Amino acid sequence: MLNFNIDFTGEFFAFFLLSVCAIVGAVLAINFAKVVHMALSLAFTFVSLAGLFILLQAEFVAFVQVLLYVGAVTILMIFGIMMTKHQDEEKARSRPLLETLAAIGCLCLFGILFYAIRAASFPLPAAKLPDNNTLEIGKLLYSAYAIPFELVSVLLTVAFIGAVALAKREEEKP
Amino acid sequence: MLASYLTLAAVLFCIGFYGVLTKRNAIIVLLSIELMLNAVNLNLVAFSKYGVNPALTGQIFSLFTMTVAAAEAAVGIAVLIVLYRSKATVNADEFDELRR
């Protein structure tokens, strides 16, 4: 079942380096004490994932990942941390039973996924992806996927208005 | 090569899942949900290149997923800030008014 047919190309080394960075960032994000360090370590994971997207010939997705996740989501989380109590470290009131059960559950989930990946037979890719990635994505977004594109813009508008309406301070009635 | 990408996505997903289940700070729960969504995006883009019919569909799907994830993070943080204003804590154990 565990057949290791790895050819040591440059892509493999780049993939190995980036995946080590991503996993280390994610594990440190779970294990740091201060909340701000957790958010920054997760930003490091997002950047390594952007590197992986470039390795997968998805340059536009990689740049959107850096813009959205590292730029917007991480800053949003840091704003949220700063506006709520950030001096407290993660409270040491650990429940060992809950953490052990959650770790066992996650290991079982990973075992199931790993078995499913190993048991599947993946055919060799048929054709190459087009070279000008951004141009092709733009063409597809405006021709075949125009309706989901418009729906996503409506969704973003609604979410933006909703977030502002939620977080607005209630004004005192005169 | 596809199996390596899928395994990495599975590892990141399980790490995010552990964070969602275990962490008490609600912002860290939101952050772990973002990590899980990132693992899904990695899956989609890997299948876009190495799958059965390599096309750009996976990448476009991942763009939409990223957008929805960002919108959900914004609304989640807004809800959390309103909760913090009324209860002065973000510890998930303290939000138990429906239980008492």
Side-chain angles (χ1 to χ4, degrees), chain A residues 15 19 22-23 26-27 29-30 35 38-39 42 45-46 49 52-53 56-58 61 64-65 68-69 72-73 76-77 80-81 83-85 90-91 98-99 102-103 105-106 109-110 113-114 117-118 122-123 125-129 136-137 140-141 145 148 152 155-156 159-160 162-163 166-167, chain B residues 1-8 10-19 21-25 27-28 30-32 34-35 38 41-42 45-46 48-56 59-60 62-64 66-75 77-82 84 88-91:
Chain A
F15 167 76
S19 67
I23 294 182
V27 168
I30 299 294
V35 185
M38 292 182 186
L42 210 57
T45 301
F46 293 154
L49 274 177
L52 278 167
F53 286 153
L56 282 169
Q57 282 186 292
V61 181
V64 170
Q65 161 96 0
L68 257 187
Y69 275 108
V73 170
L76 184 66
M77 295 294 171
I81 290 170
M83 286 174 70
T84 60
K85 271 192 276 200
E90 181 73 16
K91 290 259 169 53
L98 171 74
E99 288 185 3
C106 290
L109 177 65
F110 177 65
L113 290 172
F114 188 67
I117 293 171
R118 281 297 175 186
F122 297 115
K128 278 169 53 73
L129 286 179
E136 297 301 320
I137 286 186
L140 272 179
L141 268 182
Y145 298 103
V152 155
L155 170 79
L156 276 177
F160 173 50
L166 268 177
Chain B
M1 205 59 212
L2 175 62
S4 324
Y5 282 105
L6 296 186
T7 314
L8 171 66
V11 169
L12 288 176
F13 189 84
C14 291
I15 293 176
F17 191 47
Y18 178 75
L21 289 178
T22 326
K23 292 297 172 183
R24 296 294 108 200
N25 194 337
I27 299 189
I28 301 304
L30 283 173
L31 225 45
S32 308
E34 296 299 322
L35 182 60
N38 260 307
N41 282 340
L42 182 61
V45 176
S48 151
K49 179 164 183 202
Y50 286 117
V52 183
N53 306 324
L56 287 178
Q59 298 183 15
I60 294 191
S62 77
L63 285 177
F64 289 140
M66 273 187 213
T67 317
V68 171
E72 162 241 333
V75 175
I77 291 288
V79 168
L80 215 60
I81 288 181
V82 175
Y84 179 74
T89 179
V90 278
N91 197 359

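Here is the naming used below: chain letters follow the sequence lines, and residue numbers restart at 1 for every chain. Source: prediction; values computed, not measured. The figures that follow rest on heavy atoms only: side chains count, while hydrogens, waters and symmetry mates do not.
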## Note on the structure
Counting heavy-atom pairs under 4.5 angstrom with chain A, the leader among B:Leu21, B:Leu35, B:Val90, B:Leu63 is B:Leu63
### Task
Sort B:Thr67 into side chain, backbone, both or neither according to what part of it lies under 4.5 angstrom from a heavy atom of chain A.
both
### Message
I'd like to know if the side chain of B:Ser62 and the backbone of B:Val45 have a donor-acceptor N/O pair within less than 3.5 Å.
### Response
no
### Task
Could you tell me which residues satisfy side chain to side chain donor-acceptor pair (under 3.5 Å) with B:Asn38, sequence neighbours excluded, listed by chain and number?
A:Gln65
### Message
Taking every non-hydrogen pair under 4.5 Å, which of A:Ala29, A:Ala103, A:Gly162 racks up the most with chain B?
### Response
A:Ala103
### Query
Is chain A contacted by the side chain of B:Ile77, its backbone, both, or neither, given a heavy-atom distance below 4.5 Å?
side chain
### Test log, rule side chain to side chain contact (heavy atoms under 4.5 Å, CB included), inputs B:Gln59 and A:Phe53
CA-CA 10 Å; B:Gln59 298 183 15; A:Phe53 286 153; over 6 Å; no
### Task
Heavy-atom distances under 4.5 Å only: say whether B:Phe13 touches chain A with side chain, backbone, both or neither.
side chain
### Query
In terms of heavy-atom pairs under 4.5 Å, which option from A:Leu141, A:Val27, A:Thr45, A:Val152 contacts chain B the most?
A:Val152
### Task
With the side chain counted from C-beta on, respond yes when B:Asn25 and B:Asn91 share a heavy-atom pair under 4.5 Å apart, and no when they do not.
no
### Summary
Checked A:Leu155, A:Leu113, A:Ile30 vs chain B; the most non-hydrogen pairs under 4.5 Å come from A:Ile30
### Message
Is B:Leu31 in contact with chain A via its backbone, its side chain, both, or neither, using a 4.5 Å heavy-atom distance?
### Response
both
### Task
Go through the atoms of A:Leu49 and report whether side chain, backbone, both or neither lie under 4.5 Å from a heavy atom of chain B.
side chain
### Task
Check whether any side-chain heavy atom of B:Lys23 lies under 4.5 Å from a side-chain heavy atom of A:Met38, and answer yes or no.
yes
### Query
For B:Val82, is it the side chain, the backbone, both, or neither that has a heavy atom closer than 4.5 Å to a heavy atom of chain A?
side chain
### Toward chain B, the part of A:Leu98 with a non-hydrogen atom under 4.5 Å
side chain
### Query
Closest heavy-atom contact between B:Ile27 and A:Thr84?
CD1-OG1, 3.6 Å
#### Entry: Euclidean distance, A:Arg118 CZ relative to B:Thr7 OG1, rounded to 0.5 Å
6.0 Å
#### Entry: Contact origin within A:Leu56 toward chain B - heavy atom pairs under 4.5 Å
both
### Query
Using non-hydrogen atoms only, which part of A:Phe15 is less than 4.5 Å away from chain B: side chain, backbone, both, or neither?
side chain
### Message
Looking at chain A, which one of B:Asn41, B:Ile81, B:Leu56 has the largest number of heavy-atom pairs inside 4.5 Å, strictly under?
### Response
B:Leu56
#### Entry: Side-chain heavy atoms of A:Ile117 within contact of B:Tyr5, under 4.5 Å
no
#### Entry: Heavy-atom closest pair, residues A:Tyr69 and A:Phe46
CB-CD1, 3.8 Å
### Query
Of the backbone (N, CA, C, O) and the side chain (C-beta and beyond), which part of B:Leu30 lies under 4.5 Å from a heavy atom of chain A, both, or neither?
both
## Note on the structure
Cut-off 4.5 Å, heavy atoms of chain A, and the answer for B:Leu6 is both
### Task
Report the distance from atom CD of A:Glu136 to atom CD1 of B:Ile60, rounding to the nearest 0.5 Å.
10.0 Å
### Summary
Smallest heavy-atom separation, B:Ala46 atom then B:Leu2 atom, equals O-CD1, 3.8 Å
## Note on the structure
Whatever's closer than 4.5 Å to a heavy atom in chain A on B:Val11 counts as both
### Message
Only pairs of heavy atoms separated by less than 4.5 Å count here; which of B:Ala69, B:Ala3, B:Ser32, B:Gly19 has the most with chain A?
### Response
B:Ala3
### Query
Given side chains that start at C-beta, do those of B:Tyr50 and B:Met1 come closer than 4.5 Å, heavy atoms only?
yes
### Task
Could you pull out the closest heavy-atom pair between B:Ala74 and A:Ala163, with the gap in Å?
O-CB, 4.1 Å
### Task
Counting only heavy atoms closer than 4.5 Å, note whether B:Leu42 contacts chain A via side chain, backbone, both or neither.
both
### Query
Where does B:Tyr18 contact chain A at under 4.5 Å (heavy atoms): side chain, backbone, both or neither?
both
### Worked verdict on A:Met83 versus B:Tyr84 for side chain to side chain contact (heavy atoms under 4.5 Å, CB included)
CA-CA 9 Å; A:Met83 286 174 70; B:Tyr84 179 74; over 6 Å; no
### Query
Is chain B contacted by the side chain of A:Leu109, its backbone, both, or neither, given a heavy-atom distance below 4.5 Å?
both
#### Entry: Options A:Ala39, A:Ala22, A:Pro148, ranked by heavy-atom pairs under 4.5 Å with chain B, top entry
A:Pro148
### Message
Report which part of A:Val73 has an atom under 4.5 Å of a heavy atom belonging to chain B: side chain, backbone, both, or neither.
### Response
side chain
### Query
With only heavy atoms counted, which part of B:Leu12 is less than 4.5 Å from chain A, the side chain, the backbone, both or neither?
side chain
